[in-house]
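Below is one structure, written out as structure tokens, with a few remarks after it.
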Amino acid sequence: GMAVCEQEQGTWVGDVRDVARRCWPLLLGHVVEWYEFSIYGFLAPQIEANFFPASSVATWLGFALTFFMRPLGAFLLGRVADMFGRRASVNLSILGMLIATTGQGCLPTYRSGESAGLAGVTLLLLCRCVQGLSAGGEVGAICAYLIEVAPARSLGVVMALVPFVSFISFSSANAVAVATTAIVGEEAMTAWGWRIPFVVALLPASIALWGRRQMPESAAFLEHVRAPAAAGPSDDEAQNSGGGAAKAADAESGDAAARKIEVPDKRSRTPGGSGADRIQQYRWQARPVLVGIGAVASQGVLCYVANMWCVARMVQLGMPSSKALTASLITKLIAFVLKLPAGRIADVYGVGLLTFVNGTLTMLLGLPVFTLMTFQPDSILTLCCICIGFAVPWIMQMPYLFVAELFPTPIRATGLGITWNISLLIFGGIGTVLAEASLSLSDLAPGWIISGGGFLTTASALYALKARRTGALRVTHVRAAPFWGRAELQVCVPDSCGIQDAAGPAVIGQGGVGHAE
């Protein structure tokens, strides 16, 4: 118990610096993931001219293709992460992204003839599929690794590093596209210069691959694969199927010694259980997946509908393109600057409460801000409301931590990856299409979509709170408290087999080892 009390006296800045130093290859690879995703969008006119002449729809279908491949990648690479280790999965994902991203810059186009153009389109779509598969498996393994090596007191601020570097990706892609165009000119950019932003990703991706190959496995995963198999249903199975005694929280120890990364013994890295055992584990996860999909809903509508799609909509309504892009950029910059402090808030007041605040703000601000944007698209007031109204709820998002907490170590990477990518497919990929199509019903319909995403996140947070109190669902597997309001730091005693006694999950707090209320 004293180890946890001493942890609370540490500095979250030091924790972030330490995790970033040890896990920089993961974060750099995540930059590459979203760099490619962004650069395709920035270069859409050039891609259309070279691969899809006179068909902007086909160009954006190529963009959307990765969304549909991501859930499959989350499942396949998530299984690798949960059976053979987080390190194996993240190495496969960065290798796939390296090949797919740089490969897109080396493809033949219709400028070389009809046959070359058809081959180029086929290979482009293949690269997009590989990119989607790789990126889909990336987020689950990265978040599982981070949550398993970070000190329990700083889980929120450490997990905030993931969206923090995503903002760097968007900005880098924007800067590279603008700089390349300025250097080679518009005509050359369309002819051949568009290849450069894809090819330059080779350097950071190669560095990330080299760094990931040197990384040790997470101690939590090693403890899981080395533990003897336990008989009988686990605590997760009992709770997620609706039974069992009331339980509050659970999982890995926040003790510094328990979170120290070990160099794995390759002989001991065997898959975590038989195929039948693993199928049994996955059977009980439908409810956590649904709760997680709802928790990520506001992330999808804010990132893709309220920011990406709304930029084009503002231009259609008469706002100058420069102002629309400026509003989007300011929103991202505000979120970028305040994301790590928001993670600290989650560490003090709990990820459950912060998720509730995020959903409620999105629900309350989405429709009014969009309404103002629709009727006064070129006013300074509108610009300010967009920057603040969409940035504030975006800052309060902590979906990576919330969803990662829903799943135990043996299936964390798979569960998180599938949940995250299905939600982004629905509320991000399909959400932008629905926003455009809904304009035929009402000019304000997209605002209802944004607020609706916030409502689902609020509902998911409230359900998680109720389920946590009644024992209907185990919503924390790493840090017991704080979850909903300021509370003493409590982390669970390591339990590789996922079984707790009838008194409830053991936790470590100021008074030593006890049980959550």
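What you see below is based on every heavy atom in this structure, not just the backbone, and it leaves out hydrogens, waters and symmetry mates. Counting from 1, the numbers follow the sequence of the chain as shown.
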> At what distance, to the nearest 0.5 angstrom, does CG of L28 lie from CD1 of I168?
Replying inline: 10.0 Å

> When rounded to the nearest 0.5 angstrom, what is the spacing between OG1 in T355 and CG in L401?
Replying inline: 8.0 Å

>> If you compare all heavy atoms of G485 against all heavy atoms of P482, which two are closest, and at what distance to 0.1 Å?
In response: O-CB, 3.3 Å

>> Give me each pair satisfying ring pair (Phe, Tyr, Trp, His ring centres under 6.0 Å) with a member in residues 453-475, each pair once, sequence neighbours excluded.
In response: none

> ring pair (Phe, Tyr, Trp, His ring centres under 6.0 Å): which pairs involve residues 420-451, sequence neighbours left out?
Replying inline: Y400-W420

> Atom CG in N421, atom CG in L416: separation rounded to 0.5 Å?
Replying inline: 9.0 Å

>> I need the single residue from N358, T360, T458 that forms a side-chain hydrogen bond (donor to acceptor under 3.5 Å, both in side chains) with S298. Which is it?
In response: N358

> Run the side chain to side chain contact (heavy atoms under 4.5 Å, CB included) check on M97 and Q131 step by step: do they pass?
Replying inline: CA-CA 5 Å; M97 289 189 292; Q131 180 71 24; 3.9 Å; yes

> Below 4.5 Å, heavy atoms only, C-beta onward: do L365 and P393 meet side chain to side chain?
Replying inline: yes

> Between K466 and L462, is any pair of side-chain heavy atoms under 4.5 Å apart?
Replying inline: no

> How would you list, by chain and number, every residue that makes a side-chain hydrogen bond (donor to acceptor under 3.5 Å, both in side chains) with S154, sequence neighbours excluded?
Replying inline: D15

>> So, using side-chain hydrogen bond (donor to acceptor under 3.5 Å, both in side chains) as the criterion, who are the partners of Q299 when residues are at least two apart?
In response: none

> Residues in side chain to side chain contact (heavy atoms under 4.5 Å, CB included) with L338, at least two apart?
Replying inline: I334, I395

> Going by atom types only, do H30 and S169 share a side-chain donor-acceptor pair under 3.5 Å?
Replying inline: no

>> I'd like to know if E138 pairs up with R70 as an ion pair, taking the criterion as any Lys NZ or Arg NE/NH1/NH2 lying under 4.0 Å from an Asp or Glu carboxylate oxygen.
In response: no

> Taking only residues two or more places apart in sequence, or in another chain, which ones meet R344 in a side chain to side chain contact (heavy atoms under 4.5 Å, CB included)?
Replying inline: W12, D347, V348

> With sequence neighbours excluded, what pairs up with V433 under the side chain to side chain contact (heavy atoms under 4.5 Å, CB included) test?
Replying inline: none

> Distance-only, no hydrogens or angles: does the R287 side chain make a donor-acceptor pair with backbone N or O of L473 under 3.5 Å?
Replying inline: no

> Can you tell if the side chain of L76 reaches within under 4.5 Å of the side chain of L72, non-hydrogen atoms only?
Replying inline: yes

> R87 side chain to M215 main-chain N or O, any donor-acceptor pair under 3.5 Å?
Replying inline: yes

>> Taking G132's backbone N and O only, do any of them form a donor-acceptor pair with T66's side chain (distance below 3.5 Å, no angle check)?
In response: no

> Stepwise, does the side chain to side chain contact (heavy atoms under 4.5 Å, CB included) test hold for M398 with K339?
Replying inline: CA-CA 9 Å; M398 287 293 145; K339 198 63 183 181; 4.1 Å; yes

>> So, using side-chain hydrogen bond (donor to acceptor under 3.5 Å, both in side chains) as the criterion, who are the partners of D443 when residues are at least two apart?
In response: none

> What's the shortest heavy-atom distance between V90 and S93, and which atoms?
Replying inline: O-OG, 3.0 Å

> How far apart are the C-alpha atoms of E405 and R479, what are their side-chain angles, what is the distance that settles it, and do they pass the side chain to side chain contact (heavy atoms under 4.5 Å, CB included) test?
Replying inline: CA-CA 8 Å; E405 284 276 29; R479 184 171 64 191; 3.7 Å; yes

>> Using a 3.5 Å distance criterion without hydrogens, assess whether the side chain of T414 forms a donor-acceptor pair with backbone atoms of R79.
In response: yes

>> On a heavy-atom basis, which atom in A487 and which in A481 lie closest, and how many Å separate them?
In response: CB-CB, 4.2 Å

> Roughly how far apart are R128 CZ and L133 CG, rounded to 0.5 Å?
Replying inline: 12.0 Å

>> Using side-chain heavy atoms (C-beta onward) and a distance below 4.5 Å, is P410 in contact with D82?
In response: no

> Which residues satisfy the ring-ring contact (aromatic ring centres under 6.0 Å, His included) test with F336, sequence neighbours excluded?
Replying inline: F164

>> Test of understanding: with side chain to side chain contact (heavy atoms under 4.5 Å, CB included), list the residues that count as partners of A144, not counting sequence neighbours.
In response: R86, E148, R412, A413

>> My understanding is that only residues two or more places apart in sequence, or in another chain, count here; which of them pass side-chain hydrogen bond (donor to acceptor under 3.5 Å, both in side chains) with W484?
In response: none

> Which residues satisfy the ring-ring contact (aromatic ring centres under 6.0 Å, His included) test with F67, sequence neighbours excluded?
Replying inline: F37, Y304

> Taking S89 for the side chain and G78 for the main chain, is one N or O donor matched with an acceptor at less than 3.5 Å?
Replying inline: no

>> Rounded at 0.5 Å granularity, tell me how far CZ in F483 sits from CZ in F402.
In response: 5.0 Å

> Taking it one step at a time, do L146 and C23 satisfy side chain to side chain contact (heavy atoms under 4.5 Å, CB included)?
Replying inline: CA-CA 8 Å; L146 289 176; C23 300; 3.9 Å; yes

> Do you know the tightest heavy-atom contact between G366 and I450?
Replying inline: CA-CG2, 3.7 Å

> Minimum heavy-atom separation for A346 to G156, with atom names?
Replying inline: CB-CA, 4.4 Å

> In this structure, which one of L434, L444, L367 forms a side-chain contact (heavy atoms from CB on, under 4.5 Å) with I449?
Replying inline: L434

>> For A342 versus L354, what's the shortest heavy-atom pair and its separation?
In response: O-CD2, 3.7 Å

> Are the side chains of T362 and F390 in touch, meaning some heavy atoms are under 4.5 Å apart?
Replying inline: no

> Can you tell me how far the OG atom of S423 sits from the CD1 atom of I418, to the nearest 0.5 Å?
Replying inline: 13.5 Å

> Is any side-chain heavy atom of C143 less than 4.5 Å from a side-chain heavy atom of M159?
Replying inline: yes

